[in-house]
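First up is the structure itself, then whatever we jot down about it.
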Amino acid sequence: MERTHIEADKTIAKRANLQSYENTKELFTWDHALQELSQAPSGKWNAAYECIDRHVAEGYGDKKALLFTDGDHDETFTFAEVKHITDGYAHVLKESGVKVGDRVFIFLPKSPACYFTILAAIKAGAIAGPLFEAFMEDAVRERMQDCEAQYLITDENLVKRVPFDDVPSLLKTWDIEEFDREAQQYEDADSPIVWLDEQDGMLIHYTSGSTGKPKGVLHAQKVLPHHLITGKYVLDVHDDDVYWCTSHPGWVTGSVYGVFAPWLNRATVVIHGGRFDAKEWYSLIERFGVTIWYSAPTAFRMLMSEGDLYKDFNLTSLRHLLSVGEPLNPEVIYWAKDVFNARIHDTWWMTETGGHLIVNFPSALIKPGSMGRAFPGVTVGILDENNEPLPANEVGKLAVKAPWPGLMKEIWKNKEKFDSYFTDNGWYLSGDTARIDEDGYVFFEGRDDDLIKTAGEQVGPFEVESKLIEHPAVAEAGVIGKPDELRGHIIKAFITLRHGYSDYDGLTEEIRQFVKTKLAAHAAPREIEIVEELPKTKISGKILRRLLKQQEIEKMQKEVASEWQKKNA
Ligand code: WTA
């Protein structure tokens, strides 16, 4: 049953043992969160200890921590087993010289080993740098070079995409199987946990910008309370829950809400290896009895397009669904209500914010089309061009009063970039545009810049353009996100050809493959259009992506209109 947000807040307040619902803003105070983190009162933390070892110490060693399937075979691990494995891995890292603050990169497919090595790196006091498994050589190079990665754990396939010569900081690389063998010798060793200060680094994720290279968003140990509290009250993890987040830990959703938030709350975590497959996904929910499911609008839309397939499965275990990363269409919410008998709760946050900031609490009234309300204790606002707050329902820049527990510590060695997120009057600028209604519900409008979200994955147009012009036939390139029913946006590139080149059969496909194999499959343009020239600003000669996009949208609208005319003629 849907309740008003005040009634829903009351439910949360009760679960949190707060005096009154008005105190729900206390959820976000350190004191509240720290009560649950066992080592925190000592002032020393370790996220991996809090995720795994603490539960073993508290008597939950036999509880299932992890259920894995890749469609062909399943694996199960208890908390005690995960502790044992990650202890051994952390010993290998420490013995190899890993020190507090070192960058340990993890380049592995979505698998138990990927999750375990992230935790092990953190156990050893290092900063974990998980890389998305679809990254190709250039994407790997830029990230590892930027923060001078010293260690890498990968496998026999992905290692081929590591440009060793270009990352001179790299001291050691392990193949996961060799790494696993090395860990065997630490069978009976003591705990390897390295106790850390709240400002010590924990996790680095690269996010794309509309200009320049991807930036390294560094989170410190102090992000933990944010993960703990939103995991408990937004993901709604209870002790018997089986929780599945579909994102790869190379993306922030896959690390924060795939690894940390659920395990801080002692959930049984599900991993699905491999690509999207509607049948496999439904069958996984049935077989593992998934109760909480966190995914993205594109995935829900892909399932929606499979029609009645869901009827072949028993999906009644599901009780709480969540979505993130791109606008959640109201029709998807209605579809889910029919198919799963459960609502989809939208959540809004960013790599930089460290955790959810705008949410729909379980059972609270959902306004389809809205992303939800500010998490209690968080102040969101809509600002005008002078960074002054706007009244209800006016569209402007979506901003958050800084700081909050999960806010990034820094952009790796780029203070200028970090500072550019904040206004003089204390707001963090998200780069999104939105409006907030009189009940505090936030409605997403778009991006203030040219960043593209395709199938929930963030792509910087600049990265794609840079790659395109490395192709010998391409002179200039302008890249936009073209609206797409299934994927939210697809990447479309407009290119001009170099002198001496003319269009030939297969050229655009060749260019597409070039981006795909060098950068990443999800960053390769689905459409490439060869044009005579690209629109540019008069003064600086910058390519006007916005104009390209506007023209593309107008073209799409015309196509729809003419089709409608044909049908109704
Ligand atoms: C977008 C992902 C609409 C937004 C956790 C933001 C959303 C960017 C939503 C951050 C939502 C995130 N509805 N758009 N519920 N949630 N976004 O860093 O543009 O990969 O700025 O973090 O995703 O993307 P990132």
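As the structure is a computational prediction, the values presented were derived from the model and not from experiment. First listed ligand is number 1; within each ligand, the first listed atom is number 1.
Classification of the W293-W244 ring pair by plane angle, with boundaries at 30° and 60°, yields parallel. Ring geometry for F135 versus F132: interplanar angle over 60°, hence perpendicular rather than tilted (30 to 60°).
Counting heavy atoms under 4.0 Å from ligand 1, residue L451 does not touch it at all. Contacts between F444 and ligand 1, counted as non-hydrogen atom pairs separated by less than 4.0 Å, involve the side chain only.
Which of H356, E326, H205 comes nearest to atom 14 (N) of ligand 1 through a heavy atom is settled by distance: it is E326. One option in T351, V459, V324, D432 has a heavy atom closer to atom 18 (O) of ligand 1 than any other, and that option is T351. The closest non-hydrogen atom to atom 24 (O) of ligand 1, taken over E457, M350, K453, M371, comes from K453.
Taking the charged nitrogens against the carboxylate oxygens, D439 and K367 do have a contact shorter than 4.0 Å, which makes a salt bridge.
By the 6.0 Å and 45° rule, K337 does not stack over the aromatic ring of F340.
On a distance-only criterion, T347 and ligand 1 share at least one N/O pair closer than 3.5 Å. For L328, no nitrogen or oxygen atom sits less than 3.5 Å from a nitrogen or oxygen atom of ligand 1, counting backbone and side chain alike. Considering backbone and side-chain atoms alike, T253 places every N or O at 3.5 Å or more from each N or O of ligand 1. Note: no N/O pair closer than 3.5 Å links T207 and ligand 1 by distance alone.
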Can you check ring pair (Phe, Tyr, Trp, His ring centres under 6.0 Å) on Y206 and W251, steps first, answer last?
CA-CA 9 Å; Y206 278 79; W251 302 109; over 10 Å; no
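Contact between P327 and ligand 1 is present, with at least one heavy atom of the residue lying under 4.0 Å from the ligand.
The aromatic ring centres of H227 and W263 sit 6.0 Å or more apart.
For atom 17 (N) of ligand 1, the closest heavy atom belonging to the protein is G325 O, 3.3 Å.
Judged by distance alone, with hydrogens and angles left aside, the side-chain atoms of R143 form a donor-acceptor pair with the main-chain N or O of A139 at under 3.5 Å.
Rounding to the nearest 0.5 Å places CG of D346 at 7.0 Å from CD1 of I333.
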